[in-house]
Amino acid sequence: MSDFELLDPSGAPVGDGDDLTDGLNPAQKRAVTARGQALLIVAGAGSGKTRVLTHRIASLIRAREAWPSQILAITFTNKAAAEMRERIEGLLGASAQGMWVSTFHSACVRILRREAERFGYGSGFTIYDSADSRALLKRIIKDLDADSYGFTPANAGAKISRLKNELSDAEAYTATMNASDPRERLFGEIFRTYDAELRRAHAFDFDDLIGQTVHLFRAHPDVAAVYQRRFRHVLVDEYQDTNHSQYALIRELTKPVAPVDAERLVPPVRAAEVDGTGSIPGASLTVVGDSDQSIYAFRGADIRNIVEFERDFPGAEVVKLEQNYRSTQNILSAANAVIGNNFDRQEKSLWTSEGDGKRIVGFTGYSQHDEARFVAEEIEELHRSGLAYSDIAVFYRTNSQTRALEELLIRSAVPYRVLGGTKFYERAEIKDAMSYLTSIANPYDPISWSRLLGVPKRGIGPMAEAHLANFQEAQGISFHEAMLRAGELTFGPKVRSAITGLGDLLGRAARMAAGGGATDDSGTEKRPAPVGDLLKLILDETGMVERLREKRDPQDEARAENLEELVSVAREFDAKNPEAGLVEFLTEVSLVAAADDLDDASGTVSLMTLHTAKGLEYPAVFITGVEEGLLPHQMSVDEVGGISEERRLMYVGITRARQQLFITLASTRAQFGDISVAMPSRFLQEIPEHLIEWRQSPGEVTGRGGTESRALNAPRSGARPARGGASSTNSSVTFGSGGGRGSAAIAEPASGNMQSALDKWRERKRLAKEQQAAGGGFPNLVGGNVRDNGDLELAPGDRISHEDYGEGRVTGVTGVGSKRIAHAVFESVGERKLLVKLAPITKHD
DNA sequence: TGAGTCGGCTTTTTT
DNA sequence: AGCCGACTCA
């Protein structure tokens, strides 16, 4: 039973009577049971690909075709990885110990830390996130005076990233560039310096994690052989979003091991592992993807990886999953219609046997606030009809759109959370605290060191920093050592003691982290200190939290709370990973994705970008800001293939919805401080009109600035028959792409009366200007001054007056302090929940 | 050296 | 409108 030697590659037949294939459709069954070197599973949205993938892995293990440790499964986010592992363990009824289920980045970090001595880093090397890279580039660009040539940290970073994703490096770039172009020469210099600085700091950026692993494998066949031998089955999810370096990594991992390398492996290879020539055959590869959901071209994802899979891996089998188990037919028809406008795709059409379901609800607001108000009201309506808040999600194209949405959700007392966006770990105070931990793990890293010098303020400025950095480089010592030896430099007594004191603190913390006795209590144990203790030591000794508290600014108060939350995050990590240490903590923090902190049990509405939404599903979905310039985004319009990618983004958004889909837009939108007129998105026009029930169509919002009361603009369903959608809407939605600079990507149906649309657009723009000039802005502009009702006391029975809803009666009050919520019934709109502090209400005496 | 003010720029999406 | 960075003053 437990005899490893009996492992037979051909395996026991899986299939008949196997519960791993029960209830699967024929295509899914094939995807689970197919065996061979290469398998491509083309999985449309909602076609059960996670199920197929987990069952495939479980069947490999259960049939004894593979041990868990021979499986490498790559997912897009850490959350998806955790979920997949859990589901596999559920199927096997046992732990899947030794199985690698992780993201590309996590898997590569794991390999790189193991093999760190091969490239001269310690295993505690630092991972630079985009902000760190930008900080480094900023310094380099300044040093090289490259800003006058138009280089910015952002554009240089993007270019470096693109090159690294192609497995290029500074040397290769310099060799192939046009050397007579000073701009190119300068960029080569930036690139070279950037990489040199990374090396000096013992650091990798995100792209290096993949690229350096590939280089490691290519430079050291013996190292590659270890992993090629170990992973017999490689499975990759979201294959359409892989870039070139990830593709190369997969190729390396699935190569056979040549006899010369196989011979040197430890432990020695067994006869069963090699073929007749003494080679270990390449691992089997399974990739899952959907080219219609490729939305990461901007970071190097190459759709050709999936489109040309069969050419890359001759003899590959292809299985197509087209039956959808997630959405209603109406939603799928809309999705099919939209994506059908992408001309260069493989034909594929989603279908369901579940019936049409409800129609898609459309709404056009007069402003983004009006739009947000509709979203908030509909969410409440859904909630009243029995849907949990956690079953509802709101999507948008750009993070900046959250402002208006959040404001209205707060006012309506709808519990929500924003996924992604300004992430916890991107907050300044968190980065400050983390810079101490990073520096403790890697005392050669200048970025974290430079950051911690200045926070909290202790009189060490740029001058002192520069002197220390020169000293550090000249002596070839760590930054911590350089600080301890500050006496050898010409500093004033005050600055010197600040520097040595800080150096001492870092040294003590580093010894604790390494397991040495930093404090001289009985500690004979050589155990690394818990991360929580290290962090607490730093925060206590630097007084960072108290300093924030002293300022008595509510924002600083929030920052202090964030730091305390960081301590509890660290403690949680310690408890969950008793064997892990500081480096593991830092790795986890660097690689968490936006969707990773998604807590499904939280009972809140989820707000996120369309990108973050990929891979998720919700019973009710709102797609907001469906306007030209936003979706498709202005930036993408002139890019080759840009519109196609935006359309896929729309497609991804639509296909997240299970039962109810809402599509909203606004006719004006404020950006960069002033208000501009927004046109409905071309994608809106691509959805067959009979699928949409307009509560307020774009046509109705055209022309007039919206003088009616907001509450009356959006009567509940039924009050307004949905005739608006058919005629008026679609004629007014027709328009050109604005400037009409026809890039290759734009193959839009040039239907209809462009001229009249243009006229309407001009007219609206004029009206918008006038209204703005007339003062007070738009009547529908909710934003701006946040009101504060202070300690307004309300009790059941009180009569109140609401700016939008009119007269009403309080039926109850829940919550405490600033989160007090009044439940009220209004004559015009019925039941509503209001945040007492912020709602536009007055109480009648 | 550090605090405060003014001006320019921003918004695409993320591991 | 808001954030960051450069510049100015104490």
Side-chain angles (χ1 to χ4, degrees), chain A residues 74-81 102-109 127-131 133-135 138 142 147 152-154 157-158 161 164-165 204-211 238 241-243 245-246 294-301 395-404 419-423 425-426 428 453-454 456-465 491-492 494-495 498 587 589-596 608-614 625 629-639 642 645-646 648-650 652-653 669-675 777 781 783-785:
Chain A
I74 304 280
T75 59
F76 198 66
T77 64
N78 292 297
K79 178 183 158 61
S102 69
T103 62
F104 272 108
H105 296 267
S106 303
C108 287
V109 169
I127 301 164
Y128 276 14
D129 64 18
S130 346
S133 299
R134 231 177 302 129
K138 201 170 131 192
K142 207 173 159 186
D147 36 2
T152 64
S161 177
K164 285 191 176 184
N165 284 334
F204 287 133
D205 64 20
F206 275 140
D207 304 310
D208 284 335
L209 296 178
I210 317 288
E238 308 282 13
D241 284 324
T242 50
N243 61 34
S245 61
Q246 290 164 336
S294 165
I295 54 176
Y296 283 103
F298 70 91
R299 70 169 198 218
F395 302 155
Y396 37 82
R397 178 65 177 83
T398 69
N399 282 305
S400 61
Q401 288 169 255
T402 53
R403 274 220 170 79
L419 303 184
T422 311
K423 277 164 261 170
Y425 290 107
E426 284 169 13
L453 278 186
K457 301 260 176 250
R458 44 167 81 80
I460 307 174
M463 286 296 281
E465 179 185 330
F491 289 122
K494 230 171 123 187
V495 176
T587 304
V589 167
S590 324
L591 298 180
V592 285
D596 288 345
M608 68 192 86
T609 65
L610 285 160
H611 284 89
T612 306
K614 192 166 69 146
L630 206 49
L631 183 63
H633 195 276
Q634 194 54 46
M635 295 274 102
S636 70
V637 170
D638 290 331
E639 275 163 29
E645 175 136 331
E646 297 287 306
R648 290 194 289 269
L649 207 44
M650 180 77 183
V652 165
R669 191 163 290 271
Q671 55 179 349
F672 305 138
D674 56 15
I675 295 164
L781 203 64
N785 41 343

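Letters A, B, ... are given to chains in the order of the sequence lines, protein chains preceding strands, and every chain is numbered from 1.
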- request: Classify the nucleic acid contact of A:Phe104 as base, sugar-phosphate or nothing, counting any heavy atom under 4.0 Å across all strands shown.
  value: nothing
- line: To the nearest angstrom, the NZ-C1' distance between A:Lys457 and B:dA3 comes to 9 Å
- prompt: Taking only side-chain nitrogens and oxygens of A:Ser636, does any of them come within less than 4.0 Å of OP1 or OP2 of B:dT13?
  reply: no
message: Is A:Thr609 close enough to B:dT14 that one of its side-chain N or O atoms is under 4.0 Å from OP1 or OP2 there?
response: yes
query: With a 4.0 Å cut-off on heavy atoms, is A:Lys138 in touch with a base, just the backbone sugar-phosphate, or nothing at all?
result: sugar-phosphate
Between A:Phe298 and A:His633, ring centroids under 6.0 Å: no
- request: Using atom CZ of A:Arg669 as one end and atom P of B:dT11 as the other, report the distance to the nearest whole Å.
  value: 17 Å
Protein-nucleotide distance (A:Ile210, atom CD1; B:dT15, atom C1'), rounded to Å: 8 Å
- prompt: With respect to the phosphate group of B:dT14, does any side-chain polar atom (N or O) of A:Asn399 fall under 4.0 Å of OP1 or OP2?
  reply: yes
task: On DNA chain B, check which nucleotide each of A:Ile460 and A:His105 is closest to and give me the residue with the more 5' one.
output: A:Ile460
Nucleotide B:dT15, atom P - distance to OH of A:Tyr128 in whole Å: 20 Å
field: Whole-Å distance separating the CG atom of A:Leu419 from the C1' atom of B:dT14
entry: 14 Å
- prompt: Rounded to whole angstroms, how far apart are CG on A:Asn243 and P on B:dT15?
  reply: 14 Å
statement: Taken to the nearest whole Å, CZ/A:Arg403 to C1'/C:dC3 is 10 Å
message: Given B:dT13, B:dT11, B:dT15, identify the nucleotide with an atom nearest to the side chain of A:His611.
response: B:dT13
message: In the structure I gave you, are the side-chain heavy atoms of A:Arg669 and A:Gln401 within less than 4.5 Å of one another anywhere?
response: yes
